[in-house]
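One structure below.
From a predicted model like this one, the values you see are computed outputs, not experimental measurements. As a basis for the values below, the full set of heavy atoms in this structure was taken, side chains included, without hydrogen atoms, waters or symmetry mates.
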Amino acid sequence: MVYTVTFNPSLDYVVQVKNFRGDAVNRTTSEAVYAGGKGNNVAVVISNLGIKSRALGFRAGFTGAAMEQLLRDYGCDTDFIPLDEGMTRINVKVKAEEEFEINGQGPKIPEQKIEQLLEKTDSLGKEDVLVLSGSIPNTLPDDIYERIMRRLDGRGVRIAVDATQDLLLKVLKYHPFLIKPNNHELGEMFGVTLTSDEEIVTYAKKLQDMGAANVLVSMAGDGAILVDENGNVYKQLPAKGEVVNSVGAGDSMVAGFLAGCLTSGSYEQALRLGTAAGSATAFTSWLAGRDEIERLLNKI
């Protein structure tokens, strides 16, 4: 099973507005509510691709109950820890001529609830995949990724990490199965600007030297480069299409890559499926379904 952890999940309220103005009352032309958070996004797309997923994390208040129910409606198993105070945050995303986002803070998470989450990971074994993605709210210790990976070290769990610079670098000593920086984040880790595929490969291999098994570097419209644990290098260009959504494409790439690994056992095929999933989400209003992903897979 694929488990995901989202430390600060959300209800995402997504609205479409024509001719948005900051000094006027704006009327929406469409509205939707989704279960948000990077780990939740991975869980939904993995489920869409027919892989069993279980979303872990924390929920609070009526918004947390709604968020968890939406995930179940999408076909995900859930096992969120309820908090006694606060509420799961609401993120507002306005799609107009430009995109605007207002993200909530989220509830405080006491230490005993953190320990409950750690205990839930004790059941994971060598047949399982764990996805750790997204930022850590200021109510959690900044070493929470390390604490989880230390607890699972040596148990054969394949762990994928999609996080910002410092979070990512600190967990490499635990040899994650997959990390997914984008090309800009990869350069920032080493204080350089990467301008060619060759440079991207060079610095991806440096991350392998530091402990990562597979390094998947997303490059937006230029596709993705994978340096796998066997030393092979693959590049995949995306399918062509109109980008209408910037939320969840990277998470969809992670989900597609992991689904490809689990179903085909081929890193090359996993990269193709990951690229198709990321592109399909970018070309749709929210997270892509199986039909959209398979349609693009046949075009790349």
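- Sequence neighbours left out, the pairs with a member in residues 105-163 that pass ring pair (Phe, Tyr, Trp, His ring centres under 6.0 Å) are Phe7-Tyr145.
- Heavy-atom neighbours of Lys113 NZ from other residues, nucleotides or ligands within 6.0 Å: above the threshold of 12.
- Contact check for Ile200 versus Met219: side-chain heavy atoms found under the 4.5 Å cut-off.
- Between the side chain of Asn40 and the backbone N or O of Gly36 there is at least one donor-acceptor pair closer than 3.5 Å.
- There is no path of hydrophobic side-chain contacts, each under 4.5 Å, that joins Leu132 to Val45.
- Although no hydrogens or angles enter the test, the distance criterion places a donor-acceptor pair under 3.5 Å between the side chain of Asn91 and the main chain of Gly104.
- In this structure, Lys173 NZ and Met210 CE are separated by 11.0 Å, a value rounded to the nearest 0.5 Å.
- Taking NZ of Lys38 as the start and CG of Asp251 as the end, the distance is 3.5 Å to the nearest 0.5 Å.
- The one candidate from Val227, Val217, Leu169 that meets the side-chain contact (heavy atoms from CB on, under 4.5 Å) condition with Leu207 is Leu169.
- Here the side chains of Leu287 and Ser252 are in contact, with some heavy-atom distance below 4.5 Å.
- Criterion: ILVMFWY side-chain heavy atoms under 4.5 Å apart, direct or through other members. Under it, Met87 and Ile109 are not part of a common hydrophobic cluster.
- Within the structure, side chain to side chain donor-acceptor pair (under 3.5 Å) contacts touching residues 202-211 (residues at least two apart or in different chains) do not occur.
- Within the 4.5 Å cutoff, no side-chain heavy atoms of Ile225 are placed close to those of Asn183.
- By the rule that hydrophobic residues join a cluster once side-chain heavy atoms approach within less than 4.5 Å of another member, Val233 and Leu237 end up as members of separate clusters.
- Applying the ring-ring contact (aromatic ring centres under 6.0 Å, His included) rule to Phe20 yields the partners Phe100; only residues at least two apart in sequence or on another chain are considered.
- Summarising the geometry, atom CD belonging to Gln236 is positioned 9.0 Å from atom CD belonging to Gln269; distances are rounded to the nearest 0.5 Å.
- Taking 4.5 Å as the limit, every side-chain heavy atom of Leu130 sits out of range of all side-chain heavy atoms of Asp128.
- The stretch residues 129-140 participates, sequence neighbours left out, in no side chain to side chain donor-acceptor pair (under 3.5 Å) pair at all.
- Sorted by first then second residue, the ring pair (Phe, Tyr, Trp, His ring centres under 6.0 Å) pairs that include residues 107-142, not counting sequence neighbours, number zero.
- The backbone N or O of Lys95 sits less than 3.5 Å from a side-chain atom of Gln16, completing a donor-acceptor pair.
- Sorted pairs that involve residues 148-172 and meet ring pair (Phe, Tyr, Trp, His ring centres under 6.0 Å), not counting sequence neighbours, are lacking altogether.
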- Query: Asp166 and Asp142: side chain to side chain contact (heavy atoms under 4.5 Å, CB included), yes or no, with the steps?
  - Reply: CA-CA 10 Å; Asp166 290 339; Asp142 60 9; over 6 Å; no
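- Shown here for Leu70 and Ala35, the closest heavy-atom pair between the two residues is CD1-N, 3.8 Å.
- Atom CD of residue Glu111 and atom CD of residue Gln116 lie 11.0 Å apart, to the nearest 0.5 angstrom.
- In this structure, Val131 belongs to a hydrophobic cluster whose other members, linked by side-chain heavy atoms under 4.5 Å apart, are Val2, Val42, Ile46, Ile51, Val129, Phe177, Leu178, Leu216, Leu226, Tyr234, Met253, Val254, Phe257, Leu258, Leu262, Tyr267, Leu271.
- Judged by distance alone, with hydrogens and angles left aside, the side-chain atoms of Arg150 form no donor-acceptor pair with the main-chain N or O of Tyr174 at under 3.5 Å.
- Within the structure, the ring pair (Phe, Tyr, Trp, His ring centres under 6.0 Å) test picks out the following pairs touching residues 275-300 (sequence neighbours left out): Tyr34-Trp286.
- In Gln105, the CD atom is not crowded: 12 or fewer heavy atoms of neighbouring residues, nucleotides or ligands sit closer than 6.0 Å.
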Show me, pair by pair, the donor-acceptor contacts under 3.5 angstrom made by side chains of residues 292-300, not counting sequence neighbours?
unit_1: Glu292; atom_1: OE1; unit_2: Gly289; atom_2: N; d: 3.0
unit_1: Glu294; atom_1: OE2; unit_2: Arg290; atom_2: NE; d: 3.0
unit_1: Asn298; atom_1: ND2; unit_2: Glu294; atom_2: O; d: 3.2

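- The one candidate from Thr4, Val44, Thr6 that meets the side-chain contact (heavy atoms from CB on, under 4.5 Å) condition with Leu71 is Val44.
- Under the 4.5 Å side-chain heavy-atom criterion for grouping Ile, Leu, Val, Met, Phe, Trp and Tyr, Leu56 is not connected to Leu11 through any hydrophobic cluster.
- Taking every heavy atom of both residues into account, Leu186 and Ala204 meet most closely at CD2-N, 4.0 Å.
- Residues Val243 and Val94 do not share a hydrophobic cluster, clusters being chains of Ile/Leu/Val/Met/Phe/Trp/Tyr side chains in contact below 4.5 Å.
- Side-chain atoms of Thr281 never come within 3.5 Å of backbone atoms of Gly278 as a donor-acceptor pair (strictly under, hydrogens ignored).
- At a cut-off of 3.5 Å, with distance as the only test, a side-chain donor of Tyr13 or Glu31 sits close to an acceptor on the other residue.
- Scanning both residues, Gly221 and Pro238, for their nearest heavy atoms gives O-CG, 3.3 Å.
- Contact record, Ser10 with Met67: O-CG, 3.5 Å, taken as the closest heavy-atom pair.
- A search for salt bridge (Lys or Arg N to Asp or Glu O under 4.0 Å) contacts involving Glu115 returns Arg151, not counting sequence neighbours.
- Interatomic distance, Thr121 OG1 to Met149 CE, rounded to the nearest 0.5 Å: 11.5 Å.
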May I have the list of side-chain donor-acceptor pairs in residues 77-85 shorter than 3.5 Å, sequence neighbours left out?
unit_1: Thr78; atom_1: OG1; unit_2: Glu68; atom_2: OE2; d: 2.8
unit_1: Thr78; atom_1: OG1; unit_2: Arg72; atom_2: NE; d: 3.0
unit_1: Thr78; atom_1: OG1; unit_2: Arg72; atom_2: NH2; d: 3.3
unit_1: Asp79; atom_1: OD1; unit_2: Lys120; atom_2: NZ; d: 3.1
unit_1: Asp79; atom_1: OD2; unit_2: Lys120; atom_2: NZ; d: 3.1

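- Between Ala280 and Ala288, the shortest heavy-atom contact is CB-CB, 3.4 Å.
- Note: Thr63 OG1 to Arg89 CZ = 11.0 Å, rounded to the nearest 0.5 Å.
- For Leu49 against Ala259, the heavy-atom pair with the smallest separation is CD1-CB, 3.8 Å.
- Partners of Arg21 under the side-chain contact (heavy atoms from CB on, under 4.5 Å) rule, at least two apart in sequence or in another chain, are Asp23, Ala24, Asn26.
- Using modelled atom types, no side-chain atom of Asp228 and backbone atom of Asn214 make a donor-acceptor pair closer than 3.5 Å.
- A side-chain hydrogen bond (donor to acceptor under 3.5 Å, both in side chains) with Ser218 is found for one member of Glu185, Lys180, His184 and no other, namely Lys180.
- Of the possible polar contacts, none joining the Glu127 side chain to the Met1 backbone as a donor-acceptor pair under 3.5 Å is found.
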